[in-house]
Number of protein chains: 2
Amino acid sequence: MAGQSTELEHGLSERAQTLLKTLVERYIREGQPVGSRTLARDSKLDLSPATIRNVMADLEELGLVASPHTSAGRVPTARGYRLFVDSLLTVKPLRPATVSRLKRELGERAETPGEVIESASSLLSAITRLAGVVMLPRAEQVTLRQVEFLPLSGNRVLVILVTNNAEVQNRIIHTGRAYSAAELEAAANYINREFAGRDLRGIREAVAAAMARARDDMGRIMETALAVADRAFEGRRDDDFVLAGQNHLLEYQEMADIERLRRLFEAFNTKRDILHLLDQSIDAEGVQIFIGQESGYEVLDSCSVVTSPYRVGDQVVGVLGVIGPTRMAYDRVIPIVDVTARLLGAALSSE
Amino acid sequence: MAGQSTELEHGLSERAQTLLKTLVERYIREGQPVGSRTLARDSKLDLSPATIRNVMADLEELGLVASPHTSAGRVPTARGYRLFVDSLLTVKPLRPATVSRLKRELGERAETPGEVIESASSLLSAITRLAGVVMLPRAEQVTLRQVEFLPLSGNRVLVILVTNNAEVQNRIIHTGRAYSAAELEAAANYINREFAGRDLRGIREAVAAAMARARDDMGRIMETALAVADRAFEGRRDDDFVLAGQNHLLEYQEMADIERLRRLFEAFNTKRDILHLLDQSIDAEGVQIFIGQESGYEVLDSCSVVTSPYRVGDQVVGVLGVIGPTRMAYDRVIPIVDVTARLLGAALSSE
DNA sequence: CTTAGCACTCAAATACATAGAGTGCTAAAA
DNA sequence: TTTTAGCACTCTATGTATTTGAGTGCTAAG
């Protein structure tokens, strides 16, 4: 009847919590199943191993810890990690050196948003020694600065878009007929005059509207402009992410199963599942954590994913995070992901 | 004293050659050390195992085969593979389906040279189930179609280069002072008029020459043009390659050593060593093969690299190839690399 | 020159014993 | 009622023989 406030939350006594916390911390540090004797020494509770064994039996009952075999100590389960990160974890403040490194390499080194994002991914991976991912900013945020059309052979047109932040996109579109360089130049001028500063999606809609409205009575230039722009600003659901440091994953014992690893790397290549997962965090308040099977993707079964959305202004434009073994140093990783998200947002805003 | 013509080449009797060939083929197929009994059955020579053992002893003496331990049959050494590919190998003609797949996906699907190269790399890797690499074409071959300068904040200028083949490059340069949009436009016009159609390196030199010559008496426009172009076309030693399918390497038994694998993947990331190696093949006539330590890079010790230069017109512009375990199906891989090189060249030329 | 025969070697598999870590349970102590 | 000492038990890891089988090298006969 030790009715501590904390007990009610998840039906665990203060003592059980302390022991679970100690166990998880120890296991994260050493990677070995933790026995009752070790735990007795590690926790400051001054209890005998026997007592601790009783508590461990309870925790096992609750599915928070498990033992690989009868005589092997306990290991946290996914649920154990979950409870740990939710209510027991004390996050480590970042070393100032780390923060300033992040600031420097995100803010100063990188010129274009693309480079900033590359840096963010590399930094995440380098600092955590896990795989780093940064989802590319949503297209809504991208506004047009200038567009250029160049004629190619075979009814094709090379479209060059310069967007708000010195970012250049280019694509090739197929048109119904061949356009002359002069026609295309005039069309580009028209679009630049009319639409510069608006976001790409908006332009597409405006163009579509204009086409519907003025089917008949429009000048040659405008007709060309609209025909080309219609394709130039097309959907391009640019869902993609930048991955860095997947090699780090080769450093961990628990990733030694080469077939699992192959499937995981395959998922990185395919991108689809990872993107879906990242997408789920886009509406989260801050750092979000998927432990083991929680992610719902089989390839990530023995992995944890720590994510955070990042904002430009007050608008969430993307998600970043790290992927690594469930046994990771959450107390370090969480603040790193958190701070990187903030700094990436800041760096992208200041361009 | 069986003085066959082939014997003189490397001092091996016809029979020894046949046996070595059979052994290597068998080992490549099965991955297990080959014993004398098996070899007796496999080769059509109708010899007893005992005789074969004598021959094997000779081959071992010559360093062409080795046995992992006394009772384990023989395995080809790097030198054995070398002799095999140099004089014993009968290459398999490619299946027509493979050739047409290559043609289709290189020629039709891909729009820009960048895409063609990506495809080549993916195809190499998909067809051989090894890692595919394609070195990017040399900059000498890249000619200017159009250049555009856009002013950015902080004395920076965004340079957009459109090159011969609908390829767009962009970079940001720092200039001594701020230039207005009008100035930059005039400068771009000047360069486009003056240098369009010339290769980038040539332009850089021409610009440097012009600057040296006309230090004093040049118009404002030309001065701006030269100042900016000097940086815009700067070195950019764009040595780089496109890698695909490194995951395939996880499928091979002989790549199971996770620490070696990590170092290999690291080398892929670093790119430097791989680039040097590819560079060595740039002057080769056709397909070139590096077996095991022949490459000179420790990380590639248990790997073979099969490369071929590829041409646009009659000019070699790059190198492509595959990387995999020494135990690979050379008879299949060699023609695939060879044909891909030709088709890549053709696809790049036709743009 | 070829090959049968045989002794020999070595890795891999199997079986068995032992040590050590850690558990659960019980009964006594607090 | 809670804690803990004690103990039997379980299971892995480790080490040691032993056996089996594949394959060799050598020798002597064909």
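Computed from a predicted structure; not experimentally measured. Chain letters run A, B, ... following the sequence lines, proteins first and then strands; every chain starts at 1.
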Polar side-chain atom of B:Arg263 near backbone of B:Val299 as donor-acceptor pair, under 3.5 Å: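 Absent.
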To the nearest 10 degrees, how far apart in direction are the end axes of the helix from C:dC1-D:dG30 to C:dA30-D:dT1, each fit to five base pairs? 20°
Salt bridge (charged side-chain N to carboxylate O under 4.0 Å, His left out): pairs with one or both residues in residues 18-33 of chain B, sequence neighbours excluded: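 For residues 18-33 of chain B, and leaving out neighbouring residues, the salt bridge (charged side-chain N to carboxylate O under 4.0 Å, His left out) pairs sorted by first residue read B:Lys21-B:Glu25, B:Arg26-B:Asp42, B:Arg29-B:Asp42.
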Does any pair with a residue in residues 53-62 of chain A pass salt bridge (charged side-chain N to carboxylate O under 4.0 Å, His left out), and if so which ones, sequence neighbours excluded?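 For residues 53-62 of chain A, and leaving out neighbouring residues, the salt bridge (charged side-chain N to carboxylate O under 4.0 Å, His left out) pairs sorted by first residue read A:Glu60-A:Arg74.
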Can you list the residues that meet the salt bridge (charged side-chain N to carboxylate O under 4.0 Å, His left out) rule with B:Lys271, with sequence neighbours excluded?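 Once residues adjacent in sequence are excluded, the partners of B:Lys271 under the salt bridge (charged side-chain N to carboxylate O under 4.0 Å, His left out) criterion are B:Asp240.
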Euclidean distance, atom [atom1] of residue [X] to atom [atom2] of [N] [Å, nearest integer]:
X: B:Leu45; N: C:dT3; atom1: CG; atom2: P; value: 11 Å
X: A:Asp58; N: D:dT2; atom1: CG; atom2: P; value: 12 Å
X: A:Arg41; N: C:dG22; atom1: CZ; atom2: C1'; value: 13 Å
X: A:His69; N: D:dA13; atom1: NE2; atom2: C1'; value: 9 Å
X: B:Gln32; N: C:dA11; atom1: CD; atom2: C1'; value: 13 Å
X: A:Glu14; N: D:dT2; atom1: CD; atom2: C1'; value: 18 Å
X: B:Leu39; N: C:dT3; atom1: CG; atom2: P; value: 14 Å

What pairs with B:Ser304 under side-chain hydrogen bond (donor to acceptor under 3.5 Å, both in side chains), at least two apart in sequence or on another chain? B:Tyr330
Who pairs with B:Gln246 by side-chain hydrogen bond (donor to acceptor under 3.5 Å, both in side chains), at least two apart in sequence or on another chain?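 For B:Gln246 there are no side-chain hydrogen bond (donor to acceptor under 3.5 Å, both in side chains) partners, ignoring immediate neighbours.
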All side-chain contact (heavy atoms from CB on, under 4.5 Å) counterparts of B:Asp301, not counting sequence neighbours: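 Per chain and number, B:Asp301 pairs via side-chain contact (heavy atoms from CB on, under 4.5 Å) with B:Arg260, B:Gln293, B:Glu298.
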Would you give me the side-chain donor-acceptor pairs under 3.5 Å for residues 124-132 of chain A, sequence neighbours excluded?
residue, atom, partner, partner atom, Å
A:Thr128, OG1, A:Leu124, O, 2.7
A:Thr128, OG1, A:Leu130, N, 3.2
A:Arg129, NH2, A:Glu251, OE2, 3.4

At under 4.0 Å between heavy atoms, which parts of nucleotides 21-30 of chain D does protein reach? Answer with one letter per nucleotide, 5' to 3': B base, S sugar-phosphate only, - none. BBBBB-----
